[in-house]
Amino acid sequence: MGLAAGFFGGLIDTLISRVLDVIWAFPIFLLAISLSIVLIAHGIDIGPISITAGSLWLPISIIGIVYIPYVARPVRGQVLSLKERRVRLGGHGPGRCPAIAS
């Protein structure tokens, strides 16, 4: 999510950042406990993704949902900094003739 937000920017960056802000607004343990209560009782059934109530994938998905902002924010920042960095083309390095490199 952070890679997509940083790379595309604009509206996509704004939407992903706001979703991450909403997740980040909740205390971690409260969010994890709330998600586990709801998902263990009902499971997940979102389109092609279907995880039953007693599956081992539920705790994995809960941990993933809770910790996404802690990974996505630094990745977004790194992508934005790399996007703004000036990159020297290989043909314009020292010892090359500008007429040939162009």
Side-chain angles (χ1 to χ4, degrees):
M1 290 179 73
L3 183 66
F7 183 75
F8 294 114
L11 182 64
I12 294 174
D13 183 23
T14 303
L15 290 174
I16 291 175
S17 294
R18 295 310 140 234
V19 168
L20 294 177
D21 286 342
V22 167
I23 294 173
W24 218 336
F26 292 98
I28 242 179
F29 295 119
L30 179 63
L31 181 62
I33 290 170
S34 302
L35 282 174
S36 65
I37 289 171
V38 170
L39 294 180
I40 287 175
H42 302 289
I44 299 175
D45 192 20
I46 304 172
I49 300 170
S50 179
I51 302 174
T52 60
S55 176
L56 183 60
W57 287 103
L58 279 176
I60 294 170
S61 61
I62 291 169
I63 292 169
I65 291 169
V66 169
Y67 283 105
I68 272 180
Y70 295 96
V71 175
R73 286 291 174 150
V75 169
R76 176 185 170 268
Q78 286 296 318
V79 170
L80 287 174
S81 71
L82 288 174
K83 224 170 91 169
E84 298 300 320
R85 184 181 295 176
R86 300 183 136 244
V87 178
R88 179 178 285 266
L89 298 175
H92 293 267
R96 294 292 241 166
C97 178
I100 297 174
S102 297

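Just so you know, these numbers come straight off a predicted model, no measurement behind them.
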If you count heavy atoms of other groups shown closer than 6.0 angstrom to OH of Y70, is the number above 12? yes
Minimum heavy-atom separation for [X] to [Y], with atom names?
X: P69; Y: P74; value: O-CD, 4.3 Å
X: D13; Y: A5; value: CB-O, 3.3 Å
X: A41; Y: A53; value: O-CB, 4.4 Å

Is there a chain of hydrophobic side chains (I, L, V, M, F, W, Y, each step under 4.5 Å between heavy atoms) that links [X] to [Y]?
X: V38; Y: I65; answer: no
X: I63; Y: I49; answer: yes
X: F7; Y: L80; answer: no
X: I46; Y: V22; answer: yes
X: V79; Y: L15; answer: no

Inter-residue atom distance [X].[atom1] - [Y].[atom2], 0.5 Å rounding:
X: L82; Y: Q78; atom1: CG; atom2: CD; value: 6.0 Å
X: I40; Y: I62; atom1: CD1; atom2: CD1; value: 5.5 Å
X: I68; Y: R73; atom1: CD1; atom2: CZ; value: 12.5 Å
X: T52; Y: D45; atom1: OG1; atom2: CG; value: 10.5 Å
X: H42; Y: L58; atom1: NE2; atom2: CG; value: 12.0 Å
X: S61; Y: I51; atom1: OG; atom2: CD1; value: 5.0 Å

Test item: [X] and [Y] side chains (from C-beta on) under 4.5 Å apart, heavy atoms:
X: V66; Y: F29; value: no
X: L35; Y: F26; value: no
X: L30; Y: S34; value: yes

Determine yes or no for a side-chain-to-main-chain donor-acceptor pair under 3.5 angstrom, with S17 supplying the side chain and T14 the backbone. no
Worksheet item: I33: which other cluster members, linking ILVMFWY side chains closer than 4.5 Å, directly or transitively?
Response: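 Direct or chained contacts put I33 with I37.
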